[in-house]
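Have a look at the structure below, then the notes.
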4 protein chains.
Amino acid sequence: MSPRRRDTEGTAAARAERRAELLATAAEVFASQGYAATTIRKVADAAGILGGSLYYHFDSKESMADEILSTFLDEMWAAYDRVLQAGLGARETMEAIVVESFRCIDRHRPAVVIYQNESKHLAAGERFAYLLDSHRRFESMWTALLERGVAEGAFRADLDRGLIYRFVRDTVWVAAGWYRTGGRLSADDIAKQYLAMVLEGIQVTEAT
Amino acid sequence: MSPRRRDTEGTAAARAERRAELLATAAEVFASQGYAATTIRKVADAAGILGGSLYYHFDSKESMADEILSTFLDEMWAAYDRVLQAGLGARETMEAIVVESFRCIDRHRPAVVIYQNESKHLAAGERFAYLLDSHRRFESMWTALLERGVAEGAFRADLDRGLIYRFVRDTVWVAAGWYRTGGRLSADDIAKQYLAMVLEGIQVTEAT
Amino acid sequence: MSPRRRDTEGTAAARAERRAELLATAAEVFASQGYAATTIRKVADAAGILGGSLYYHFDSKESMADEILSTFLDEMWAAYDRVLQAGLGARETMEAIVVESFRCIDRHRPAVVIYQNESKHLAAGERFAYLLDSHRRFESMWTALLERGVAEGAFRADLDRGLIYRFVRDTVWVAAGWYRTGGRLSADDIAKQYLAMVLEGIQVTEAT
Amino acid sequence: MSPRRRDTEGTAAARAERRAELLATAAEVFASQGYAATTIRKVADAAGILGGSLYYHFDSKESMADEILSTFLDEMWAAYDRVLQAGLGARETMEAIVVESFRCIDRHRPAVVIYQNESKHLAAGERFAYLLDSHRRFESMWTALLERGVAEGAFRADLDRGLIYRFVRDTVWVAAGWYRTGGRLSADDIAKQYLAMVLEGIQVTEAT
DNA sequence: TATGAATGAGAATTCATTCAT
DNA sequence: AATGAATGAATTCTCATTCAT
């Protein structure tokens with residue numbers, strides 16, 4: 001609009017980019033050392049600035065964790081919602097959800113690790129209420145999906161539903177603990193094999 | 001129950017019992033709040049004494065974690081060793097290991113949670129070197145077991161070995177995160193169903 | 001009651017005494033340097049302990065100010081209430097109130113100084129809501145008293161009531177700024193002369 | 001108002017004007033929140049600019065306080081000096097001084113508040129030595145004036161001189177705490193009533 | 001055995017100030 | 001003139017640990 005538009009945009013964009021950079025660094029450190037055990041100084045060191053300087057960009061250590069987690073969860077649910085609205089069968093839906101989950105791990109590994117390790121403790125604070133919401137939504141999604149899968153004859157009916165839910169849930173996310181981008185297997189490869197294990201089991205069967 | 005047989009024995013036993021009590025409390029708190037986020041005061045509060053009083057029983061916060069973890073690991077490896085020395089086939093060995101693992105979770109849930117969440121960070125300290133040892137031993141045990149299973153024709157050969165290892169490893173231990181003694185399913189029930197899932201998968205097959 | 005009673009009481013009393021000691025020190029420092037400009041270290045130094053040690057006794061710097069001010073205000077209002085319930089005439093009530101005020105300054109000088117200098121800023125915080133309450137109660141008390149005095153023919157009717165209120169109010173309390181216990185004049189002497197000034201003025205009159 | 005007559009003059013004048021604007025804002029904030037509790041950012045926010053920008057105009061936070069206070073004191077003493085050199089009687093001099101004081105409060109209320117609340121603390125710094133000078137000069141002026149008033153038979157001799165001094169001094173200046181320009185009473189109205197109170201007292205006398 | 005008062009190192013956070021743009 | 005990103009010292013507060021009782 002005005003001749004300053006480029007400049008203003010550039011400035012706003014630069015600021016957002018810096019924030020994102022710093023958040024990525026912070027997420028890395030939180031994930032590898034643990035949120036509580038990570039000092040602001042460690043994050044700042046990793047970012048190459050001084051501790052106090054972080055407070056120009058963020059209100060607090062907590063708000064960094066907040067932004068890291070909410071960004072990741074927003075993106076994850078957007079992906080899940082696309083899958084859920086696609087009208088697939090239970091089994092295909094499950095496959096797609098697992099694939100999206102591994103892509104999420106691929107793109108947000110540190111955030112996923114933080115979510116795994118710290119969300120239980122963080123959820124105590126009011127500002128992290130959305131973690132509980134997400135958790136509940138996650139549980140309903142999977143419970144409904146597994147129920148539907150049993151009804152459609154895709155999933156076994158002889159196993160405890162709660163157990164399956166936890167099995168599937170944990171099985172996917174703990175991979176964030178060891179996954180590294182650029183490793184031998186791509187996220188989609190891993191998703192495929194995880195699905196094979198979860199669906200077909202690891203034993204030799206005639207069907208295999 | 002019985003009156004103290006001799007003063008010295010009674011005193012020594014009483015002391016050991018008090019230690020165990022306090023350790024159980026500490027483990028509970030470490031597990032639920034996270035080791036780094038748990039203050040000595042929280043532990044003391046949970047035990048109904050004052051912070052300083054814990055130092056009559058223990059050298060440091062670290063030594064509590066140490067004792068909690070090493071006690072658990074000792075017992076776990078003792079159980080594993082009994083299984084491994086029984087000369088079973090790969091598949092039966094795996095089943096027995098998983099069963100023992102769930103029994104371990106049953107008896108040492110807080111310790112398992114701590115092990116899961118904190119061992120990576122704690123292992124940095126020299127006194128926790130045994131955590132790395134245990135980890136390595138765990139990895140070789142499973143890798144060898146899975147390898148043997150494939151060789152014996154019990155386990156599928158078409159999946160990435162590393163992936164299966166991680167899958168099985170995580171799958172068992174994360175259960176400590178939600179397991180509660182005295183729940184609807186016993187530890188052995190859960191072990192059985194977990195094995196069914198891991199071995200046979202959750203999809204419907206003709207074999208099922 | 002129990003044989004330990006003396007001990008327990010002694011301990012509880014000792015603790016209360018230590019708190020009071022530290023609060024007196026803190027009040028001194030807050031009063032002389034200003035609350036915001038006083039660091040916890042300065043208070044601790046004045047008390048001969050380390051900064052962190054203060055937190056064994058108090059939750060925060062704010063809670064020290066809180067306790068200092070509320071203790072003082074409680075005592076002041078207790079004294080005022082005794083006067084107000086004595087059923088005196090307006091003029092005698094005023095004299096008694098002023099006398100009690102100077103006694104309050106005598107016993108709680110630092111608290112009064114803090115009240116004077118900082119209550120406006122502190123009152124913003126929720127925990128200091130009672131400062132506003134006290135302020136309002138103070139204003140109603142004086143306004144009613146002056147009104148009654150005018151009705152009884154004791155006080156002049158030709159002056160702005162709001163102005164008199166502020167005049168009397170400030171006149172009494174600012175004395176905390178320079179008063180020192182054990183000076184040439186006792187609190188009661190000062191009260192007497194202040195009353196003479198406020199009631200009769202400083203100019204020479206035939207009546208004087 | 002008029003177009004800038006010359007560039008240099010216009011620029012210099014504009015700069016001076018901006019400084020004055022910013023100082024007025026700063027004084028407002030210092031007065032209402034307290035000097036120590038006021039951050040540079042609060043001042044900048046109130047001025048609609050960023051914190052760092054203030055340093056284009058001023059060397060430091062301290063220099064702002066310095067300029068605010070010295071400007072006010074210079075003007076006050078100029079007014080006082082005019083009165084003192086007019087050769088009036090003690091009583092008339094006092095009346096004129098009080099009137100000038102309220103006019104000062106009217107024009108420099110924030111500065112007066114800052115002077116009241118902070119000069120004791122600020123005076124510690126070398127650059128604020130003039131605060132002490134002013135204070136001493138103030139005390140001699142009043143002491144001499146009251147002494148003269150007693151000698152001239154205008155003021156009562158039965159009251160402690162030090163007390164009267166403090167009474168008059170405080171009585172005038174604390175008004176800055178509640179005075180607002182444009183209120184019901186003008187500065188001169190207030191001065192008149194204050195004088196009536198101080199000189200004649202608030203009780204009903206036959207002379208009144 | 002446990003208490004209670006303290007220590008002291010280090011945590012998160014604040015803020016006056018600087019400086020390149 | 002003003003911005004925005006940083007600096008670095010200081011501040012409040014925390015907490016593992018000690019120790020006399």
Side-chain angles (χ1 to χ4, degrees), chain A residues 7-8 10-12 14-15 18-19 22 36-44 47-64, chain B residues 11 14-15 18-19 22 36-44 47-64, chain C residues 7-8 10-12 14-15 18-19 22 36-44 47-64, chain D residues 11 14-15 18-19 22 36-44 47-64:
Chain A
D7 272 320
T8 316
T11 304
R15 179 179 223 135
R18 185 71 175 117
R19 275 179 77 84
L22 293 170
T38 298
T39 68
I40 282 292
R41 256 206 87 204
K42 282 179 186 165
V43 175
I49 58 179
L50 290 179
S53 306
L54 279 174
Y55 288 85
Y56 178 76
H57 300 278
F58 305 99
D59 284 344
S60 63
K61 183 182 171 185
E62 213 186 48
S63 78
M64 289 184 225
Chain B
T11 302
R15 174 173 296 197
R18 186 73 177 116
R19 273 179 79 85
L22 292 171
T38 298
T39 67
I40 282 291
R41 256 207 84 200
K42 280 180 187 167
V43 174
I49 59 178
L50 291 181
S53 308
L54 280 174
Y55 287 82
Y56 178 79
H57 301 277
F58 305 98
D59 285 345
S60 64
K61 184 183 174 186
E62 223 185 15
S63 78
M64 290 185 227
Chain C
D7 272 321
T8 316
T11 305
R15 180 180 222 137
R18 186 74 176 114
R19 275 179 78 84
L22 293 170
T38 298
T39 68
I40 282 292
R41 256 207 87 204
K42 282 179 187 167
V43 175
I49 57 178
L50 291 179
S53 306
L54 278 175
Y55 288 83
Y56 177 76
H57 301 278
F58 305 99
D59 285 344
S60 62
K61 183 183 172 185
E62 214 185 49
S63 78
M64 289 186 226
Chain D
T11 303
R15 173 173 295 199
R18 186 75 176 115
R19 274 178 78 83
L22 292 171
T38 298
T39 68
I40 283 291
R41 255 207 85 201
K42 280 180 187 166
V43 174
I49 58 179
L50 291 182
S53 308
L54 279 174
Y55 287 82
Y56 177 78
H57 302 279
F58 305 99
D59 285 343
S60 64
K61 184 183 174 186
E62 222 185 14
S63 77
M64 289 185 226

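Proteins get letters first, then strands, A, B, ... in listed order; numbering begins at 1 in each. Computed from a prediction, not measured in an experiment: that's the story for all the values here.
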Output the rounded distance in Å from [atom1] ([X]) to [atom2] ([N]).
| X | N | atom1 | atom2 | value |
| --- | --- | --- | --- | --- |
| A:Y56 | F:dT7 | OH | C1' | 13 Å |
| A:F58 | E:dT14 | CZ | P | 15 Å |
| D:L54 | E:dC19 | CG | P | 17 Å |
| C:L50 | E:dA5 | CG | P | 16 Å |
| B:R15 | E:dA2 | CZ | P | 10 Å |
| A:Y55 | F:dA6 | OH | P | 15 Å |
| A:K61 | E:dT14 | NZ | P | 15 Å |
| C:K42 | F:dA10 | NZ | C1' | 11 Å |

| Do any side-chain nitrogens or oxygens of B:S53 fall under 4.0 Å of OP1 or OP2 in E:dT3? | yes

| field | C:R18 vs E:dA6: side-chain N/O to OP1/OP2 distance below 4.0 Å | value | yes

| said: If you assign each of A:S60 and C:L22 to its closest nucleotide in DNA chain E, which residue comes earlier from the 5' end? | reply: C:L22

| task | Take C:G51 and B:G51, find for each the nucleotide of DNA chain E with the closest heavy atom, and name the residue whose nucleotide sits nearer the 5' end. | result | B:G51

| task | Tell me, yes or no, whether the heavy-atom count around B:R41 atom CZ, taken from other residues, nucleotides or ligands under 6.0 Å, exceeds 12. | result | no

| So what does C:S63 touch, heavy atoms closer than 4.0 Å: a base, only the sugar-phosphate, or nothing? | nothing

| request: May I ask you to say what B:I49 touches in the nucleic acid, namely base, sugar-phosphate or nothing, with a heavy-atom cut-off under 4.0 Å? | output: sugar-phosphate

| said: Only Watson-Crick and G-U wobble pairs with both distances less than 3.5 Å should count. Give DNA chain E in dot-bracket notation, marking inter-strand partners with |. | reply: .||||||||||||||||||||

| said: By nearest atom, which of the nucleotides E:dA11, F:dA16, E:dA2 is closest to the A:T39 side chain? | reply: E:dA11

| When you compare F:dT21 with E:dT1, how far apart are their C1' atoms, in angstrom units rounded to a whole number? | 12 Å

| task | Select from A:G52 and D:G48 the residue whose nearest nucleotide in DNA chain F is closer to the 5' end of that strand. | result | D:G48

| remark: On DNA chain F, more 5' by nearest nucleotide between B:I40 and A:H57 is A:H57

| What's the spacing between A:H57 NE2 and A:I49 CD1 if we round to 0.5 Å? | 5.5 Å

| said: Quick one about D:Y56 and D:R15 (side-chain donor to acceptor, distance below 3.5 Å, no hydrogens or angles considered), yes or no? | reply: yes

